[in-house]
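This report refers to the structure that appears directly beneath it.
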Amino acid sequence: MAGFQSLPGFRDFYPEDFSRRQHLFRVWRQSARAHGFEEYDAPVLEPLELYTTKSGDEIEGQLFSFQDKGGRNVSLRPEMTPTVCRMVGARAGALKRPIKWFSIAEFYRYERAQKGRLRAFNQFNADIFGEAGPEAEIELIALLIQCLCGFGLTKDDFSVRLSDRDLWFFYLEALGFNDAQARGLLSAVDRYEKMGEDAFKACAEAPGGLAPELKDKVLSFLKIRSLPELEAVLAPCASEKISARLDDWRKVLAGLAAMGLGEFVGVDLGVVRGLAYYTGFVFEAFDRKGDLRALAGGGRYNDLIRKLGYSDLPAVGFAIGDVTTGLLLEQRGLTPVYVSAPDVYAVLGGPAERAAALGDIRQLRAAGWRVDYPFKDLAFGKQFKAAAESGAKLALIYGGDELAKGVVKIRDLTDRSEREVPRHQVLASVRTALSGP
RNA sequence: GCGAUCAUAGCUCAGUUGGUUAGAGCACAAGAUUGUGAAUCUUGGGGUCGCGGGUUCGAAUCCCGUUGGUCGCCCCA
C-alpha cells in the first residue's frame with residue numbers, strides 16, 4: 001500500500017461515513033435544543049495541568065500530550081468536563097441559572113484501540129450547573145434517554161442504570177468502614193460485574209480484612225434493583241444523611257416516571273464509575289442485549305469547579321460516545337440509508353444548450369435547489385441514464401428544439417411524465433414540481 | 001504497556017506440495033447507442049501480494065523483523 005495511512009485509532013470519514021456521523025449529531029443536537037440546552041465549543045488543545053489537576057498525574061499516560069514550541073506542556077482534550085468547568089467557572093457570576101449547556105466535539109486518548117474504543121472519537125456532552133437538587137438529574141437523564149430514543153431505540157434496547165456514590169459511602173460508613181476501606185470496596189464493586197466475587201479478594205487480603213458477613217452486606221447492596229428494596233436495606237442504619245439521599249432518590253425516580261420514562265431507568269448500585277470525582281448520583285446507559293461497553297455515562301460532580309480554582313458551583317453532566325452508539329444502531333438496523341441525490345439534473349444537448357442552461361442552473365442553485373449536470377457533452381441516452389441514477393426527482397432538458405422554442409422540458413423522473421415550460425418560468429415550475437405532493 | 005489473530009485491486013475473496021506475465025465477482029470508466037432510464041454485450045483503468053530483510057535456481061506462498069487492522073488484558077474521565 002503506497003502513500004500514507006491515517007494514524008492508529010483515527011478514522012477517515014468518507015461521505016457515507018460522514019453522513020452516518022451527521023445523523024448522530026443531528027439527533028443529539030435536536031434533543032438538546034428541545035430540552036433547552038445551549039451549544040458551546042472550546043479549544044481542542046488545552047494546558048496539560050487542566051487534566052492532571054482533575055485526575056492526577058497518572059492520567060498523562062492516557063493523554064495525547066506534548067510540549068509545544070513555547071515550552072508549554074499541552075494535551076489534546078480527552079474529555080470536555082474540565083474545559084466546560086473552566087468556561088463556566090470563569091463567568092459563573094454572570095450566567096443565568098440554571099446553566100444548561102451542551103457540546104458535540106472530538107476527543108483524543110492515547111490508548112490501544114478495541115471494540116467500541118478508538119483514539120479519536122466524538123462525544124455529545126450535556127451539563128447543568130448551579131442546581132444542587134435532583135431536578136437537574138431528572139432533566140439530564142430525560143435528555144440522555146431522548147438522545148437514544150431519537151434514533152428509534154426503545155426501552156427494550158437500552159436502559160439507564162442509576163447509582164449513588166454518596167449513598168455508598170454513607171452506607172459503608174454505617175457498616176463501620178473507614179474512608180480508605182470504603183474506596184477500596186468501591187473499586188471492587190466497580191470490577192464485580194466483570195470478575196464476580198474475585199473482585200473482593202484484594203479487600204479481603206488488605207490489613208483488617210473483610211469479614212464475611214460485611215462482604216455479604218456489600219454484595220446484597222449492589223444487587224438491589226428497586227427503590228423499596230433500597231429503603232428496606234437502609235432502614236436499620238437510617239441517619240439524617242441517608243434519609244436525605246433517599247428523598248432525592250424518590251424525587252428522581254418520581255420525576256422520570258412522571259415524564260413517562262420510568263421503564264427506561266433502573267436502580268443499580270453496581271454502577272460506580274471509575275474516577276472518584278463524582279459526588280452523588282452516577283448513571284450509565286447500557287445496551288440491554290449484547291456486550292457493548294457503556295453507551296453513555298455521567299453523574300454529579302459538585303466539587304470539581306472549586307478544585308479547578310473557581311467558586312463553588314454544583315454540577316451534573318453526562319457524555320454519549322459516537323463509537324458505541326454507532327455500533328448499537330448498526331446492530332439494530334437503525335442506520336439510515338445513505339442518499340446523495342440532487343433535486344434536479346440538467347440534460348444538455350450541446351455547447352449552445354449548455355451555455356443557455358448554466359444561467360438557469362445558477363438561478364436554481366441560488367434559490368436553494370440542489371442541481372447537477374454533466375461536465376462533458378454526452379449522448380442524450382447517457383445523460384438520461386445519469387439523471388435517473390443520480391436519484392434526482394426532475395430532469396431539465398435543454399435540447400436544440402427546446403432552445404429554438406424558448407422553452408425547457410421538465411421530465412418527472414419518478415413517473416416519466418414531461419411538459420414544456422417557458423424558459424423564464426423554470427424557477428417557478430421547479431418549485432411547484434418539487435414542493436407539491 | 002502486554003497477549004492472540006489477520007493483511008492479495010476501491011469492496012468481498014480465490015490463488016494447489018514454492019514454479020511462466022497474480023485472478024474472479026461487485027464497483028468504476030469507455031463503447032455498442034448524438035432525443036429519453038435500472039437490462040445485455042464488448043473493452044478498459046486500477047496491484048511493487050502492507051513494508052523491510054532472509055532462505056531458494058525461483059517467494060503472494062517458507063523464516064525473521066516491522067507497520068497497520070481486529071479481538072482481549074491493563075485502564076476506561
Side-chain angles (χ1 to χ4, degrees), chain A residues 1-12 14-16 46 50-56 58-63 75-85 107-119 121 123 125 127 187 190-191 193-195 271-278 282 284 291-294 296-299 301 304 317-321 323-324 327 345 347-351 353 374-404 409-418 420:
Chain A
M1 216 65 68
F4 298 94
Q5 296 172 282
S6 60
L7 289 166
F10 284 70
R11 295 169 288 177
D12 289 324
Y14 284 85
E16 198 168 338
E46 292 275 19
L50 183 63
Y51 305 113
T52 51
T53 300
K54 175 192 164 219
S55 306
E58 321 80 60
I59 196 68
E60 196 176 347
Q62 316 285 322
L63 296 178
S75 174
L76 290 172
R77 60 185 173 199
E79 59 166 327
M80 194 56 109
T81 307
T83 297
V84 72
C85 284
F107 299 93
Y108 311 87
R109 296 179 188 176
Y110 199 84
E111 300 176 296
R112 283 295 290 265
Q114 52 188 284
K115 190 173 188 180
R117 192 213 268 181
L118 298 170
R119 284 186 171 181
F121 55 94
Q123 275 188 347
N125 273 262
D127 295 272
S187 83
D190 197 22
R191 273 188 280 263
E193 196 159 331
K194 194 174 252 178
M195 299 170 60
V271 173
V272 177
R273 296 192 61 74
L275 289 194
Y277 65 84
Y278 286 113
V282 291
E284 294 191 337
D291 51 355
L292 297 173
R293 54 182 65 240
Y301 49 98
L304 188 55
F318 73 88
I320 312 181
V323 182
T324 305
L327 284 172
Y345 194 94
V347 172
L348 313 174
E353 292 87 344
F375 285 162
K376 301 277 189 312
D377 291 328
L378 292 171
F380 270 95
K382 209 134 215 136
Q383 293 192 55
F384 279 107
K385 193 172 170 182
E389 284 177 353
S390 78
K393 291 183 195 67
L394 296 181
L396 290 189
I397 300 159
Y398 289 85
D401 303 344
E402 287 82 2
L403 216 56
K409 195 180 278 180
I410 300 184
R411 179 178 176 86
D412 185 314
L413 292 164
T414 315
D415 64 16
R416 304 191 179 200
S417 64
E418 288 183 348
E420 291 185 345

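We use all heavy atoms of the structure for the numbers below, so side chains are in, but hydrogens, waters and symmetry mates are not. Numbers restart at 1 for each chain; the letters A, B, ... are given by sequence-line order, proteins then strands.
Atom pair A/Leu50:CG and B/A77:P shows a separation of 17 Å (rounding to whole Å applied). Taking atom CD of residue A/Glu111 and atom P of nucleotide B/C73, one finds them 13 Å apart after rounding to whole Å. Across the protein-nucleic acid pair, A/Asp190 atom CG and B/C76 atom P stand 7 Å apart, rounded to whole Å.
B/C28 sits 9 Å from B/G46 when the C1' atoms are compared, rounded to a whole Å. With both ends at atom P, the span from B/U56 to B/A4 equals 29 Å, rounded to whole Å. Straight-line distance between the C1' atoms of B/C26 and B/G45: roughly 16 Å, to the nearest whole Å. Comparing the P positions of B/A60 and B/G54 gives an interatomic distance of 15 Å, to the nearest angstrom. Annotation: B/C73 and B/U20 have their C1' atoms spaced 49 Å apart (nearest Å). Taking atom C1' on both nucleotides, B/G58 is separated from B/G65 by 23 Å, rounded to a whole Å. Going from the P atom of B/G53 to that of B/G10 covers 23 Å, rounded to whole Å. Taking atom C1' in both B/G69 and B/G25, the straight-line distance is 24 Å, to the nearest Å.
Side-chain nitrogen and oxygen atoms of A/Arg273 include at least one within less than 4.0 Å of the OP1 or OP2 phosphate oxygen of B/A77.
By the side chain to side chain contact (heavy atoms under 4.5 Å, CB included) test, A/Glu193 is found to be paired with A/Arg161, residues two or more places apart in sequence or in another chain being considered. The side chain to side chain contact (heavy atoms under 4.5 Å, CB included) search around A/Phe375 returns A/Tyr373, not counting sequence neighbours. A/Tyr110 is linked by a ring pair (Phe, Tyr, Trp, His ring centres under 6.0 Å) to A/Phe64, counting only residues two or more places apart in sequence or in another chain. Among residues two or more places apart in sequence or in another chain, the side chain to side chain contact (heavy atoms under 4.5 Å, CB included) test is passed with A/Thr53 by A/Glu49, A/Leu308. With sequence neighbours excluded, no residue satisfies side-chain hydrogen bond (donor to acceptor under 3.5 Å, both in side chains) with A/Ser6. In this view, A/Glu79 and A/Lys54 satisfy the side-chain hydrogen bond (donor to acceptor under 3.5 Å, both in side chains) rule, not counting sequence neighbours. Residues passing the side-chain hydrogen bond (donor to acceptor under 3.5 Å, both in side chains) test with A/Glu353, sequence neighbours excluded: none. For A/Arg293, the side-chain hydrogen bond (donor to acceptor under 3.5 Å, both in side chains) partners are A/Gln114, not counting sequence neighbours.
Side-chain atoms of A/Asp412 come within 3.5 Å of backbone atoms of A/Thr414 as a donor-acceptor pair (strictly under, hydrogens ignored). A/Arg119 places no side-chain N or O within 3.5 Å of a backbone atom of A/Phe10 that could act as its donor or acceptor partner.
Between the side chain of A/Arg117 and the base of B/C75, a donor-acceptor pair under 3.5 Å is found.
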Nucleotides 68-72 of chain B: which of its N/O atoms have a protein N/O under 3.5 Å away?
unit_1, atom_1, unit_2, atom_2, d
B/G69, OP1, A/Gly9, N, 3.0
B/C71, OP2, A/Lys115, N, 3.2
B/G72, OP2, A/Lys115, N, 3.2

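Paired regions of RNA chain B, where each region holds three or more successive Watson-Crick or G-U pairs whose two hydrogen-bonding distances fall under 3.5 Å, are B:1-7 with B:67-73, B:10-13 with B:23-26, B:28-32 with B:40-44, B:50-54 with B:62-66.
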Discussion item. One character per nucleotide, please: for nucleotides 29-43 of chain B, 5' to 3', B when the base has a protein heavy atom closer than 4.0 Å, S when only the sugar-phosphate does, - otherwise.
Written reply: --S--SBBBS-----

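A/Ala392 and A/Leu413 make their closest contact through O-CD1, 3.3 Å (heavy atoms, listed as atom of the first residue, atom of the second, distance).
Within the nucleic acid shown, A/Arg191 comes within 4.0 Å of sugar-phosphate atoms alone, with no base atom in reach, counting heavy atoms only.
Legend: side chain to side chain donor-acceptor pair (under 3.5 Å) pairs involving residues 383-404 of chain A, not counting sequence neighbours, sorted by first then second residue: A/Asp360-A/Tyr398.
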